[in-house]
There are 2 protein chains.
Amino acid sequence: MNIGDVAERTGLPAKTIRYYEEIGLIHPLRGTNGYRSFTDAHVHKLAFLGRARGLGFSIEECRALLALYEDRGRASADVKRIAKTHLAGIEEKMKELSAMRDTLADLVEKCAGDHRPDCPILKDLSEVGQDAP
Amino acid sequence: MNIGDVAERTGLPAKTIRYYEEIGLIHPLRGTNGYRSFTDAHVHKLAFLGRARGLGFSIEECRALLALYEDRGRASADVKRIAKTHLAGIEEKMKELSAMRDTLADLVEKCAGDHRPDCPILKDLSEVGQDAP
DNA sequence: CTTGACCTTCCAGTTGCTGGAAACCTTATG
DNA sequence: CATAAGGTTTCCAGCAACTGGAAGGTCAAG
C-alpha cells in the first residue's frame with residue numbers, strides 16, 4: 001500500500017505519516033522504486049496514533065502508549081498512569097483557559113465597542129496587576 | 001534602567017524582553033556601553049504586554065492592542081473585536097479540551113490499573129473510530 | 001587587579017507538523 | 001512510443017513564542 005492510500009484510510013496527511021516514520025513511530029518497508037510500502041498493521045498503528053493524538057497525547061506519550069500496546073505482558077497500570085497524567089494536564093489547561101475566559105468575558109461585556117476611545121479592556125491591561133483584589 | 005531591573009519590575013524574563021525588542025514590540029535606547037536603556041514608559045508597555053499575554057492574546061494581537069492603546073483616537077470597537085475573537089478562540093479550545101477530558105476520564109475510570117494487561121484505554125485507541133455510535 | 005554579577009550577540013532547540021521545490025516513478029491516453 | 005497528469009521521494013524552511021547556552025564585553029566592590 002502506498003502512502004496516499006494510507007493517508008486516506010487513516011485520515012492522516014501523508015506529510016504527517018512521513019514525519020511519524022522520521023521520528024521512529026513507524027517503520028514501513030520500501031518497494032524497489034523507493035516508495036514506502038505499508039501493511040494493514042501499519043495502518044492500524046497509524047490509526048492508533050491518530051486517535052491518541054486526537055485525545056491530546058503528546059508524541060512521546062503516544063510512543064509510550066504504542067509500546068505498551070504492543071507489549072502483551074504490559075500492566076494496565078502503566079497505561080492508566082500515562083492517561084491520568086495527561087488528564088491532569090488537560091484539566092490544568094482548562095482551568096487556565098477558564099480564568100482567561102472569565103476575565104475576558106467580563107472585559108468584553110464592559111466595553112461599549114463603539115467609536116469612542118474609552119475602553120475598559122485597554123484600561124485593565126494598562127493597570128498595575130493585582131493578584132488579590 | 002537596565003534589562004535586569006525591567007525584568008524584575010515586569011516579571012518578564014530578560015530573554016523575553018530582548019525577544020520583544022527583536023520582533024519590534026518595544027524600542028529601548030542604548031547606552032554608550034551597548035546596554036539597553038529602558039524608561040518607565042517601556043516598563044509600562046512591557047507590563048501591558050505581559051498582562052495581554054497572560055490573557056492568552058497572541059503576539060500579533062498584542063501588537064494590535066498596543067497600537068490601539070497608543071492611539072488616542074482609537075475606537076473601542078476595534079479593541080472589543082480583537083478581544084471577542086480571542087474569547088471565541090478560547091471557548092473553542094475549551095470545548096475541545098472538554099471533549100478530550102470526558103473521553104479520557106471515562107477511559108481512566110474503566111481501566112483497572114493493575115498488573116494485568118487488559119486495558120480499555122488501549123482497546124479504545126486501537127478500535128475503529130466511530131463518529132456517531 | 002581580580003572576582004562576580006551583569007550585559008551583549010548569536011546559534012540551536014523546543015512541539016508537531018506544514019508548505020514548497022526539484023526530481024523521480026507510474027498510469028492513462030493519443 | 002510520447003506525453004501529461006498525478007503520485008512519490010528528499011530536503012529545506014518556517015510557524016509560535018520563547019528558552020538555554022556559549023563566548024565575550026562591562027561594571028562595581030574589595
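Lettering follows sequence order; numbering is per chain, from 1. Note that this is a predicted model, so its numbers are computed, not measured.
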Base, sugar-phosphate or nothing for A:Y20? Non-hydrogen atoms, less than 4.0 Å. sugar-phosphate

Within residues 4-16 of chain B, the residues having a heavy atom closer than 4.0 Å to DNA chain D are B:P13, B:K15, B:T16

Between the protein and nucleotides 26-28 of chain C, list the N/O to N/O atom pairs that are separated by less than 3.5 angstrom.
residue	atom	partner	partner atom	Å
C:dT26	OP1	A:N33	ND2	3.3

Sequence neighbours excluded - side-chain hydrogen bond (donor to acceptor under 3.5 Å, both in side chains) pairs with any residue from residues 84-93 of chain A: none

Taken in chain and number order and not counting sequence neighbours, the residues that satisfy side-chain contact (heavy atoms from CB on, under 4.5 Å) with B:E8 are none

So the side-chain hydrogen bond (donor to acceptor under 3.5 Å, both in side chains) pairs with at least one residue in residues 23-33 of chain A (sequence neighbours excluded) are A:E21-A:R30

Distance, rounded to the nearest Å, where A:R18 contributes CZ and C:dC17 contributes C1': 13 Å

Whole angstroms only, please: what is the CD1-P distance between A:I17 and D:dG7? 14 Å

Tell me, please, which residues at least two apart from B:T103 pass side-chain contact (heavy atoms from CB on, under 4.5 Å). A:L55, B:L107

Length of the line joining B:I3:CD1 and D:dG25:P, which is rounded to integer Å: 20 Å

Group every Ile, Leu, Val, Met, Phe, Trp and Tyr by side-chain heavy-atom contacts under 4.5 Å, then state whether B:Y35 and B:I3 land in the same group. no

A:M1 with A:L49, same ILVMFWY side-chain cluster at under 4.5 Å: yes

Partner set under salt bridge (charged side-chain N to carboxylate O under 4.0 Å, His left out) for B:K80, not counting sequence neighbours: none

Among the candidates C:dT8, D:dC18, D:dT9, find the nucleotide nearest to the side-chain atoms of A:R36. D:dT9

Tell me the bend of the helix from C:dC1-D:dG30 to C:dG30-D:dC1 as the angle between end helix axes, each from five pairs, rounded to the nearest 10 degrees. 30°

Between CZ of B:F57 and P of D:dC18 the distance, given in whole Å, is 15 Å

With sequence neighbours left out, the residues meeting side-chain contact (heavy atoms from CB on, under 4.5 Å) with B:A88 are none

Using 0.5 Å steps for rounding, measure from the CD1 atom of B:I90 to the CD atom of A:E96. 11.0 Å

For A:K15, what residues pass the side-chain contact (heavy atoms from CB on, under 4.5 Å) criterion, not counting sequence neighbours? A:R18

Both A:E60 and B:S37 contact DNA chain C. Taking the nearest nucleotide for each, which residue is further toward the 5' end? B:S37

Apply side-chain hydrogen bond (donor to acceptor under 3.5 Å, both in side chains) to B:T39 and list each qualifying residue two or more places apart in sequence or on a separate chain. B:H42

How close or far is atom C1' of D:dA16 from atom OH of B:Y19, stated in whole angstroms? 6 Å

Expected list for residues 87-99 of chain B near DNA chain C, using heavy atoms below 4.0 Å, is none

Can you tell me the distance, in whole Å, between the CG atom of B:L49 and the P atom of D:dA17? 12 Å

Tell me what A:R53 touches on the nucleic acid: a base, only sugar-phosphate, or nothing, going by heavy atoms under 4.0 Å. sugar-phosphate

Mind calculating the distance between CD1 (A:I23) and C1' (C:dT14) to the nearest angstrom? 14 Å

